[in-house]
Structures are given as structure tokens and as C-alpha cells.
Amino acid sequence: MLGLAAWWWMTGRGDDGSLRRVREAERFRVGYAVEAPFAFVDATGRVTGEAPEVARRVAAQVGLERLEWRQYEFGELIGALEDHEIDMVAAGMFVSAERAVRVRFSRPTCRVAQGLLVLAGNPRGLHSYGDIAGRGARVAIVAGSVEESLLEATGVPAERRVRVPDAAAGRAAVVSGFTDGLALSAPTIRWMLANGRAEGLEMAEPFEPMRQDGEEVAGYPAFVFRRGDRTLGEAWDRVLETFLGSMEHRELVRPFGIGEDELVHLTVKDVL
């Protein structure tokens, strides 16, 4: 009887075919959006960043040797996944309850704080989302980002939330004066400043993060799969469980500004 149950688990509910499908395919299609340090294209044309580099290590252990990178605007990634244009998203996408209705998240790969990019000197004196709401400021947000939801929850009206396709467009909006700031994760802003891509701009400091029930609202980037691709997601998570926090992992993400205090060892249930 036990053998029959095990057979049913392996051939029925236990095997949805998703892992087998991608292993047998000629390539594993990975979607990303440009937002350094999580994902970007370097000077040689290579897709890199925290998410792509971790993805390469995990994919090799899962048995997926040939990765095909496909670039989208951030807000298009989940739709591309649902439409079977890609097999996974590697873009530093934060785990959220709203997104979890549509997709399956891997274990989070790190924990990142909120940040705000402003003109040098921070002329509007913006040090929190509450300041943005209360001082009539306009802020750029990447379409479909968690920051968009946080600003809405803080009371910033839609006409003062300027949706942009990517971080570069948001940065341009601040430089031109069209917006008073760009809401992004702190690692992304630090990357811009460290790599000379934010001349005349600075990170708003200090910056008071939004809190819920007294706890700071942080972002937890993860890989993203279709909800039905359970065996693929589980195989990916088994590798992540031992890889995250390892010496190899720490050395891999350090060049992207992901520090020891930002590494986590959590499940999706821990952060939802």
C-alpha cells in the first residue's frame, strides 16, 4: 500500500513535469529587467548582477546548462512568465502577497532596505515616504515595483507617483526636475552613486523606512516561476537552501554591494 502511494506521488501529484520539461529543452529562458545591482548588462554585453550570477550557479546544479537571457521592462516580466515566453524571472523582484497570487517565488536571496534618490542637497528635505506625501512632492517609481505600492499606502496620490519603465528613466526624471525623487531599493541607489551614474544626485540620508506593526518594511528579492511549475521551483529551492549564505555566495554578491547584514536564510512563508 505504501509503495502504491509513493508511486502515485511520483507519477501524479508529485511530478508536474516542469523540471523535466526545462531539462529536456534546448535552453532555459530567463527574463530580467535592467536595475543594477540586481540585474544589468555590463560593458562586454554580458548579463550580470546579483540575480543572474546566483541564477547561473543554481541552474548548473539543477542541470540547466544553457541559459537564454531575455530583457523586458520590469512591469512586463510576470506577464511574460505567464505567457510562457520565459521559464523564470531573475531580476531582484521582491516577494509580495499581491504577486504571490500570480506566481511562485523561490527562497529570498537577500534583504534590502528602502531608499530615495534626490538632487544633491535634498532641496525638498525628503527623508521618508511620509515627507513625500505631506510636502506635495512628486516621485518617480518603476512601474510594477513594491515602492509603488508602498507610496500608495502612505497616501501619495496617483498624480504625484510618476511611473517609469526602469531606474535609468527615473534617474533622468530627477535630474530634469520633473520629479523630486526616485524611490528605489537602497542597494540600487548605492550602485548608481558608486558607478558614476548619478552625477548631481545623492541618497536621501537619513531615510526613515515605512513601518508596519512597528517593523521596518524591507524588500526580499527572489527568483520567480509560474505557479504551476512546482517541481522546478522546489528543485531550485533545494539548491538555494545550502548555497545562500555560503562562502561562495558571499563572495559572489559582494561586488554588487550586497553586504553580510543583507544576507538572509528565510522561506517565502517567513516574509509574507
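Computed from heavy atoms alone, side chains included, the values below leave out hydrogens, waters and symmetry copies.
A single hydrophobic cluster is seen to contain both L116 and M210, as judged by linkage of ILVMFWY side chains at heavy-atom distances under 4.5 Å, directly or through other members. L119 and I132 are members of different hydrophobic clusters when ILVMFWY side chains are connected at heavy-atom separations under 4.5 Å. Hydrophobic clustering of Ile, Leu, Val, Met, Phe, Trp and Tyr side chains at less than 4.5 Å, counting indirect connections, keeps V268 apart from V146. Linking Ile, Leu, Val, Met, Phe, Trp and Tyr residues whenever their side-chain heavy atoms come within less than 4.5 Å leaves I189 and L126 in two separate clusters. If you chain together hydrophobic residues whose side chains sit under 4.5 Å apart, L252 and V239 fall into the same group.
Rounding to the nearest 0.5 Å gives a distance of 10.5 Å between CZ of F94 and CZ of R111. Note that CG of D87 is 9.5 Å distant from CZ of F225, once rounded to the nearest 0.5 Å. Note: M192 CE to R197 CZ = 9.0 Å, rounded to the nearest 0.5 Å. Separating the OH atom in Y32 from the CH2 atom in W69 is a distance of 8.5 Å, to the nearest 0.5 Å. Considering CG of L81 and CE of M93, their distance stands at 8.5 Å, rounded to 0.5 Å. Q61 CD to L240 CG: the interatomic distance, rounded to the nearest 0.5 Å, is 9.5 Å.
Side-chain contact check for T109 versus L244: some heavy-atom pair is nearer than 4.5 Å. Side-chain atoms of I78 and V89, non-hydrogen and from C-beta on, never get closer than 4.5 Å to each other. Inter-residue side-chain proximity for P209 and E216 is flagged as met; some heavy-atom pair is nearer than 4.5 Å. Residues L77 and E82 have side chains not in contact (no heavy-atom distance under 4.5 Å, counting atoms from C-beta outward). Contact annotation: the side chain of L201 approaches that of V174 to within less than 4.5 Å [non-hydrogen atoms, C-beta and beyond]. A 4.5 Å side-chain heavy-atom check between P37 and T188 finds at least one atom pair inside the cut-off. The side-chain heavy atoms of E68 and V30, taken from C-beta on, include no pair separated by under 4.5 Å. For the pair F28/R23, no side-chain contact is recorded, criterion being any heavy-atom separation below 4.5 Å from C-beta on.
Ion pairing between R161 and E148 fails under the 4.0 Å rule for side-chain N and carboxylate O. With salt bridges taken as basic N to acidic carboxylate O contacts below 4.0 Å, none links E241 and R238. Ionic pairing of R104 and D229 is not present here: no N-O contact between side-chain nitrogen and carboxylate oxygen is shorter than 4.0 angstrom. Ionic pairing of R250 and E248 is not present here: no N-O contact between side-chain nitrogen and carboxylate oxygen is shorter than 4.0 angstrom. Using a 4.0 Å cut-off between a side-chain N of Lys or Arg and a carboxylate O of Asp or Glu, R46 and E53 qualify as a salt bridge. Of the charged side-chain nitrogens involved, at least one lies within less than 4.0 Å of a carboxylate oxygen, so that E234 and R230 count as a salt-bridged pair.
Ring to ring, F243 and H249 are close: their centroids are under 6.0 angstrom apart. Centroid-to-centroid, the aromatic rings of W191 and F38 stay 6.0 Å apart or farther.
Other residues, nucleotides and ligands contribute at most 12 non-hydrogen atoms within 6.0 Å of the CD atom of E199. Within 6.0 Å of atom CD in E251, more than 12 heavy atoms from other residues, nucleotides or ligands are found, so the atom counts as buried in its surroundings.
For D42 against T44, the heavy-atom pair with the smallest separation is OD1-OG1, 2.6 Å. Considering all non-hydrogen atoms of both residues, S145 and V142 come closest at OG-O, 2.7 Å. Taking all atoms of both residues into account, the shortest heavy-atom contact from P108 to Y220 is CB-CB, 3.9 Å. Residues L272 and S96 come closest through the heavy atom pair CD2-C, 3.5 Å. Contact record, D131 with H127: OD2-N, 2.8 Å, taken as the closest heavy-atom pair. The two atoms that bring V95 and A222 nearest to each other are CG2-CB, 3.7 Å, heavy atoms only.
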For this session: Would you sort out whether H84 and R226 count as a side chain to side chain contact (heavy atoms under 4.5 Å, CB included), showing the intermediate values?
Result: CA-CA 9 Å; H84 291 258; R226 279 182 290 276; 3.3 Å; yes

For this session: Output, in order, the C-alpha distance, side-chain angles, deciding distance and verdict of side chain to side chain contact (heavy atoms under 4.5 Å, CB included) for R107 and L266.
Result: CA-CA 6 Å; R107 302 176 71 97; L266 303 170; 5.8 Å; no

Problem set entry | Working for side chain to side chain contact (heavy atoms under 4.5 Å, CB included), residues V139 and L151 | CA-CA 9 Å; V139 64; L151 285 161; 3.6 Å; yes

For this session: Applying side chain to side chain contact (heavy atoms under 4.5 Å, CB included), run through E35 and L184 and close with a yes or a no.
Result: CA-CA 10 Å; E35 185 178 329; L184 285 173; 3.7 Å; yes

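Residues in residues 167-178 take part in no side chain to side chain donor-acceptor pair (under 3.5 Å) pair, two or more places apart or across chains.
With F178 as the aromatic partner, R138 meets the cation-pi criteria of under 6.0 angstrom to the ring centre and within 45 degrees of the ring axis.
A donor atom on one side chain and an acceptor atom on the other are found under 3.5 Å apart for T231 and D16. Looking at Y72 and E85, their side chains do bring a donor and an acceptor atom within 3.5 Å of each other. Judged purely by distance below 3.5 Å, without hydrogens or angles, the side chains of Q114 and S185 never pair a donor atom with an acceptor atom.
Counting only distance, with no hydrogens or angles, the side chain of R160 and the backbone of A137 share a donor-acceptor pair below 3.5 Å. For the pair R163 (side chain) and I141 (backbone), a donor-acceptor distance under 3.5 Å is absent.
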